[in-house]
Colleague: 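The following block contains the structure, expressed as structure tokens.
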Amino acid sequence: MKQKIIFYLLIFSILINLFLVADYGKRLKYTTDKLAKEQAKTTQLNDSIKVLEKQLNAVSVATQ
């Protein structure tokens, strides 16, 4: 009886560990994808800011 309980606990712990490893992989992929999207968006917004600053400088120079 004691051996069966230990055997089932071993099987259960192996299954839990497999689930945790698979879940960690999915979370890691999701996080890296999300980070890459945020970095691309930040780069795009920085470029837009630079263009707007150039336009603003051109207008201020033209009005002076």
Side-chain angles (χ1 to χ4, degrees):
M1 181 72 173
K2 186 177 179 181
Q3 287 180 343
K4 282 188 178 183
I5 292 173
I6 292 174
F7 177 73
Y8 288 128
L9 284 174
L10 178 66
I11 297 293
F12 179 73
S13 66
I14 289 171
L15 290 175
I16 291 292
N17 284 326
L18 287 174
F19 170 76
L20 290 175
V21 168
D23 186 54
Y24 176 75
K26 289 178 185 177
R27 286 179 188 245
L28 183 63
K29 184 180 182 317
Y30 172 77
T31 304
T32 54
D33 290 345
K34 188 175 179 181
L35 182 61
K37 287 179 185 177
E38 289 294 324
Q39 287 175 340
K41 187 175 181 181
T42 302
T43 303
Q44 180 185 10
L45 291 174
N46 281 336
D47 292 342
S48 298
I49 289 171
K50 288 177 184 176
V51 169
L52 290 174
E53 284 176 345
K54 287 180 183 178
Q55 290 175 353
L56 183 63
N57 288 337
V59 169
S60 66
V61 168
T63 57
Q64 289 179 354

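Computed from heavy atoms alone, side chains included, the values below leave out hydrogens, waters and symmetry copies.
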Colleague: Throw together a table of side-chain donor-acceptor distances under 3.5 angstrom for residues 46-53, partners on residues two or more places apart or in other chains.
Modeller:
| residue | atom | partner | partner atom | Å |
| --- | --- | --- | --- | --- |
| Asn46 | ND2 | Thr42 | O | 3.4 |
| Ser48 | OG | Gln44 | O | 3.1 |

Colleague: With a 4.5 Å limit on heavy-atom distance, are the side chains of Phe12 and Ile16 in contact?
Modeller: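 SC-SC contact between Phe12 and Ile16 confirmed.
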
Colleague: If Ile, Leu, Val, Met, Phe, Trp and Tyr residues are connected whenever their side-chain heavy atoms lie under 4.5 Å apart, and connections chain through other members, are Phe7 and Leu15 in the same group?
Modeller: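 Looking at the clustering, Leu15 is in the same group as Phe7.
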
Colleague: Assess whether a salt bridge exists between Asp33 and Lys29, defined as any Lys/Arg side-chain N lying under 4.0 Å from an Asp/Glu carboxylate O.
Modeller: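 Yes, charged N to carboxylate O under 4.0 Å.
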
Colleague: Rounded at 0.5 Å granularity, tell me how far CD in Gln3 sits from CG in Leu10.
Modeller: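 Output value for this atom pair is 12.5 Å.
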
Colleague: Measure the CG-CZ distance between Leu20 and Arg27 for me, rounded to the nearest 0.5 Å.
Modeller: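 One finds 9.5 Å between CG of Leu20 and CZ of Arg27.
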
